[in-house]
Structures are given as C-alpha cells and as structure tokens.
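Following: one structure in structure tokens, then a few remarks.
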Amino acid sequence: MFSAQDSVWMAQALRLAERGLYGTSPNPRVGCVLVRAGDVVGTGWHRCAGEPHAEVHALREAGATAHGATAYVTLEPCSHHGRTPPCADALIEARVARVVVAAQDPNPQVAGEGIARLRAAGIAVESGLMETEARELNVGFFARMTRGMPWVRSKIAMSLDGRTALGNGKSQWITGDAARQDVQRWRARSCAVLTGINTVLADDARLNVREIDALTPTRCGEASGCGRGEQAVVCTPEDAAASFATALRQPLRVVLDSQLRIPLEARVLYDGGNTLIYTALRNERKTALLQDLGATVTVMPDGKGRVDLPAMLRDLAQRGCNEVLVESGSTLNGALLRAGLADELLLYLAPQLLGDAARGMAQLGELTSLDQRVNLKWQDMRQVGEDLRITVRVKK
C-alpha cells in the first residue's frame with residue numbers, strides 16, 4: 001500500500017514533529033510534509049499550543065503548489081474547532097489529492113472524523129504508515145486521551161547495585177554531569193515533574209528546567225528535540241538555541257505532601273511559581289500562606305491519610321498533562337509501582353557500588369511469590385557520559 005518514497009516523506013514529517021517536543025502540550029507533536037511531483041513544496045510542524053497546526057504551516061509555505069499534492073501527516077488532521085480551525089478543512093480547501101496519515105487521533109473530538117471528512121471531499125486517504133513511531137512521539141497524549149491519565153515516567157539515578165542514596169540519605173551526586181544534563185531534556189518535554197515531600201525536605205529540589213544551553217544541539221541530529229534531518233535545512237547551534245528557548249515551557253511542579261509539611265522557604269515554591277501541592281490534610285492557615293506564594297493546594301485524601309494517587313493522576317490529566325516525570329525517592333516510586341500507575345522507568349546507572357546499607361530504588365514490600373514481581377520490558381539502553389541510561393516499561 002505504501003511505497004519506499006512514502007516512508008521517506010513520512011520519516012521527514014516525524015523529524016519535523018520532534019521539533020515540537022518541548023512546546024506543544026497539551027496538544028500532540030505533529031509534523032507535515034507536502035510533496036508534489038516528487039518535490040517537497042511545503043513543510044510544517046506544530047510549534048506551540050494555541051498556534052497554527054503543522055498542516056497550516058505546510059500549506060502556507062506551499063501556497064498554490066499544494067493543489068494536487070500529497071500531504072504526509074504524523075497524526076490525523078483535526079476536524080473540530082479548538083483554538084484553531086480544523087486542519088481537515090484547510091487540506092480540503094487547498095485541494096490536495098492524497099493524505100497519508102501515520103496514526104489516527106485518539107481525541108474523541110476527532111477519532112476518525114478528520115479522515116472521514118477528507119474522504120467525503122474526494123481526497124484519497126491512507127493511514128498506518130509508521131504508526132508505531134508516531135504514537136511513541138506522543139505516548140503521553142495517547143495515554144491521556146485513551147485512559148484519562150498521563151504517561152508516568154519515573155527517573156531514578158542509582159548505583160550498579162541498585163542503590164539511590166546512602167543510608168543517611170545523601171545522594172548528591174551518584175551520576176555525572178552528562179546524566180544530569182540529560183535529565184533536563186526529560187524535564188523539558190514533560191508537562192509536570194512530580195516528587196514527594198520527603199525529597200523536598202531532603203534535597204530542596206527546584207524541579208525546573210535549567211542549563212538550557214546544554215540542551216541545544218551542537219550539530220544536526222543530536223537528541224535535543226530539534227528534529228531537523230538530512231533532508232531539511234542545516235541546523236546551527238544558534239538557530240537551535242533560539243528555537244528551543246522560544247518553545248520551552250517550564251513544567252508544572254507537583255509535590256505530594258499528605259500532611260502539608262512543606263516549608264514556606266522551599267525552593268520549589270519560588271523560581272517562577274507554577275507549583276501544585278496535593279495533600280490529604282485540610283489546613284486553611286497553611287494553605288493560605290502557600291497560596292500567597294503562588295502555589296495551588298488541592299486536598300485529595302484516599303481515606304487512609306495519604307493522597308489518592310489515581311485521583312491525583314486523573315486530575316493532572318484534566319489539567320492537560322500528557323507526560324509526568326517522577327523524581328522522587330523509594331517511597332513514591334514503590335507506591336506508584338504497587339498501584340500499577342508507573343508506565344516507564346528511566347534508570348541512570350552509575351558504575352559504582354554503595355553497599356547493602358544504602359537505600360533502594362522502590363519500596364515494594366516483601367514479596368512472597370514470584371507472581372508478585374513487577375515485570376518490565378527493555379526499551380532502550382545507551383551510555384550518557386560515564387553512566388548508562390536504561391529505559392524499561394512496566395508490563396501491565
């Protein structure tokens with residue numbers, strides 16, 4: 001059904017979509033390539049939420065040459081009026097001849113309607129080309145739309161023997177500079193960074209994206225979200241830095257604090273605000289003080305004195321969060337794994353041993369049967385500086 005050339009153009013559309021890695025939430029990352037008579041006549045990607053979608057940018061670049069062209073789009077063109085008009089209508093008005101779609105849109109407001117509208121207008125539509133890659137690029141968007149919860153990714157820095165801190169709690173720094181810079185990229189692509197109160201009290205973490213210069217590429221093809229490939233324009237460090245700084249949005253900083261113990265001087269409450277605190281305790285005085293600092297406090301008890309984790313994730317999804325990066329200790333990591341709420345583990349493995357007295361990566365309690373184990377699936381492995389970054393997914 002698809003030719004080798006179709007794959008080439010869709011691959012370029014996917015690279016374009018990657019350029020929106022840091023700025024499109026809560027919208028998906030989408031790229032579009034318009035091809036006529038074997039030549040690219042227009043390209044575009046969704047840059048920031050509220051701005052025109054990928055198809056509109058590509059059509060504007062193509063102008064009249066879009067007539068009779070084939071549009072390669074990484075996600076089904078939208079069919080509803082949101083902050084921008086329907087892209088399906090724009091393609092119809094431009095009189096493209098064919099549309100190749102990587103993945104259908106899981107948004108119930110679209111969900112096949114965009115494709116149906118294009119076909120009703122006499123446009124040939126084919127879907128499913130590089131669908132796996134397109135879904136992977138928007139793993140959080142698909143999760144939020146299909147299950148009402150974001151994609152939960154736990155980042156854990158640990159030693160070779162699986163230890164995340166010494167027995168006295170000291171953990172700075174197990175991994176090297178390159179690994180810590182790499183974490184900034186994962187923060188930047190996440191809608192929210194989640195931690196527990198114990199981590200705030202121990203590390204006074206800020207949870208914001210820093211070292212922006214370290215995130216931008218020094219040559220085309222680096223994993224920075226630039227997405228420009230060999231068939232696109234050459235990417236300079238200055239151009240990439242400007243593009244990144246424009247698109248970057250600081251993630252929502254989320255703290256789970258059952259008893260509302262967070263100090264008013266905690267750094268997570270400053271450096272730009274945008275902090276959300278979930279608690280199980282109603283404390284009007286402390287809540288008022290936190291709100292004066294710009295934080296949002298949400299009471300969400302589970303009936304056992306803790307925060308209701310599933311309800312918390314559903315609330316984050318309703319706030320438009322697609323991907324949530326967890327940066328916490330073994331207590332919260334274990335709670336998410338035990339509840340079946342963690343989707344992925346991002347493990348930074350340092351070539352060192354911390355011994356039996358050091359702290360583990362997740363409190364799972366005593367397992368009395370292998371049937372109780374958490375089964376994982378290898379996803380990716382690569383060296384980052386002197387450390388290894390291992391990505392595994394939780395089998396559910």
Say whether [X] and [Y] are linked into one hydrophobic cluster, either directly or through other cluster members, by side-chain heavy-atom distances under 4.5 angstrom.
{"X": "Val35", "Y": "Val100", "value": "yes"}
{"X": "Ile197", "Y": "Leu289", "value": "yes"}
{"X": "Leu353", "Y": "Leu388", "value": "yes"}
{"X": "Leu364", "Y": "Met361", "value": "yes"}
{"X": "Val307", "Y": "Val200", "value": "no"}

Aromatic plane relationship, Trp9 with Tyr72 - under 30° parallel, 30 to 60° tilted, over 60° perpendicular: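 Tilted.
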Using modelled atom types only, decide if a donor and an acceptor are shared between the side chain of [X] and the backbone of [Y] within a distance under 3.5 Å.
{"X": "Asp105", "Y": "Leu75", "answer": "no"}
{"X": "Gln352", "Y": "Ile174", "answer": "yes"}
{"X": "Arg206", "Y": "Val209", "answer": "no"}
{"X": "Glu76", "Y": "Gly112", "answer": "yes"}
{"X": "Thr164", "Y": "Gly360", "answer": "yes"}
{"X": "Gln181", "Y": "Ala178", "answer": "no"}
{"X": "Gln184", "Y": "Arg210", "answer": "yes"}
{"X": "Lys286", "Y": "Leu260", "answer": "yes"}
{"X": "Thr279", "Y": "Ser258", "answer": "yes"}
{"X": "Asp182", "Y": "Ala179", "answer": "no"}

Look up atom [atom1] in [X] and atom [atom2] in [Y], then write down how far apart they are to the nearest 0.5 Å.
{"X": "Asn208", "Y": "Arg267", "atom1": "CG", "atom2": "CZ", "answer": "9.0 Å"}
{"X": "Leu354", "Y": "Leu160", "atom1": "CG", "atom2": "CG", "answer": "10.0 Å"}
{"X": "Met312", "Y": "Met149", "atom1": "CE", "atom2": "CE", "answer": "9.0 Å"}
{"X": "Leu34", "Y": "Thr65", "atom1": "CG", "atom2": "OG1", "answer": "7.5 Å"}
{"X": "Asn274", "Y": "Leu252", "atom1": "CG", "atom2": "CG", "answer": "5.0 Å"}
{"X": "Tyr278", "Y": "Leu309", "atom1": "OH", "atom2": "CG", "answer": "11.0 Å"}

Arg389/Trp186 under side chain to side chain contact (heavy atoms under 4.5 Å, CB included): CA gap, chis, key distance, verdict: CA-CA 12 Å; Arg389 189 186 75 197; Trp186 291 97; 3.6 Å; yes
Under-4.0 Å salt bridge between Arg382 and Asp380: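 Looking at Arg382 and Asp380, the cut-off is met.
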Cationic N near anionic O, under 4.0 Å, Arg393 to Asp343: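 Here Arg393 does not pair with Asp343 in a salt bridge, since their nearest N and O are not under 4.0 Å apart.
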Sole residue of Asn322, Leu313, Asn107 in side-chain contact (heavy atoms from CB on, under 4.5 Å) with Arg144: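 Among Asn322, Leu313, Asn107, the one that satisfies the side-chain contact (heavy atoms from CB on, under 4.5 Å) with Arg144 is Asn322.
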Do [X] and [Y] have side chains that get closer than 4.5 Å, going by heavy atoms?
{"X": "Leu276", "Y": "Arg319", "result": "yes"}
{"X": "Leu325", "Y": "Leu194", "result": "no"}
{"X": "Pro263", "Y": "Leu201", "result": "yes"}
{"X": "Thr43", "Y": "Glu61", "result": "yes"}
{"X": "Ile390", "Y": "Leu349", "result": "yes"}
{"X": "Pro108", "Y": "Met145", "result": "yes"}
{"X": "Ile277", "Y": "Thr298", "result": "no"}
{"X": "Glu386", "Y": "Thr175", "result": "no"}

Closest contact, heavy atoms only, [X] versus [Y]:
{"X": "Ala69", "Y": "Arg36", "result": "CB-CB, 4.0 Å"}
{"X": "Ala54", "Y": "Val30", "result": "CB-O, 3.4 Å"}
{"X": "Leu137", "Y": "Leu14", "result": "CD2-O, 4.2 Å"}
{"X": "Asp161", "Y": "Gly355", "result": "OD2-N, 2.9 Å"}
{"X": "Ala165", "Y": "Ala358", "result": "O-CB, 3.1 Å"}
{"X": "Gly320", "Y": "Pro26", "result": "O-CB, 3.3 Å"}

Could you give the side-chain donor-acceptor pairs of residues 118-134 under 3.5 Å, partners two or more places apart or in another chain?
unit_1	atom_1	unit_2	atom_2	d
Arg119	NH2	Val125	O	3.0
Glu126	OE2	Arg98	NE	2.7
Glu126	OE2	Arg98	NH2	2.9

Above 12 or not: heavy atoms from other molecules or residues under 6.0 Å from [atom1] of [X]?
{"X": "Lys395", "atom1": "NZ", "value": "no"}
{"X": "Glu93", "atom1": "CD", "value": "no"}
{"X": "Asn375", "atom1": "CG", "value": "yes"}
{"X": "Arg95", "atom1": "CZ", "value": "no"}

Side-chain H-bond candidate by donor/acceptor type, Gln363 with Ser330, under 3.5 Å: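 Side chains of Gln363 and Ser330: pair found under 3.5 Å.
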Donor-acceptor pair between Arg285 and Asn283 side chains, under 3.5 angstrom: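 There is no such pair (donor and acceptor under 3.5 Å, judged by atom type) between the side chains of Arg285 and Asn283.
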Please set out all donor-acceptor pairs under 3.5 angstrom arising from side-chain atoms of residues 151-158, sequence neighbours excluded.
unit_1	atom_1	unit_2	atom_2	d
Arg153	NE	Glu344	OE1	2.5
Arg153	NH1	Glu323	OE1	2.9
Arg153	NH2	Glu344	OE1	3.4

Working for side chain to side chain donor-acceptor pair (under 3.5 Å), residues Asn138 and Arg29: CA-CA 6 Å; Asn138 288 298; Arg29 300 139 183 161; 4.7 Å; no
CA sep, side-chain torsions, deciding dist, call: Phe141, Val139, side chain to side chain contact (heavy atoms under 4.5 Å, CB included): CA-CA 6 Å; Phe141 180 75; Val139 63; over 6 Å; no
Val392/Lys377 under side chain to side chain contact (heavy atoms under 4.5 Å, CB included): CA gap, chis, key distance, verdict: CA-CA 5 Å; Val392 293; Lys377 176 183 177 182; over 6 Å; no
Side chain to side chain donor-acceptor pair (under 3.5 Å) between Arg338 and Asn333, intermediate numbers included: CA-CA 9 Å; Arg338 292 195 307 272; Asn333 286 328; over 6 Å; no
Stepwise side chain to side chain contact (heavy atoms under 4.5 Å, CB included) test for Thr391 and Met381: CA-CA 6 Å; Thr391 309; Met381 180 185 298; over 6 Å; no
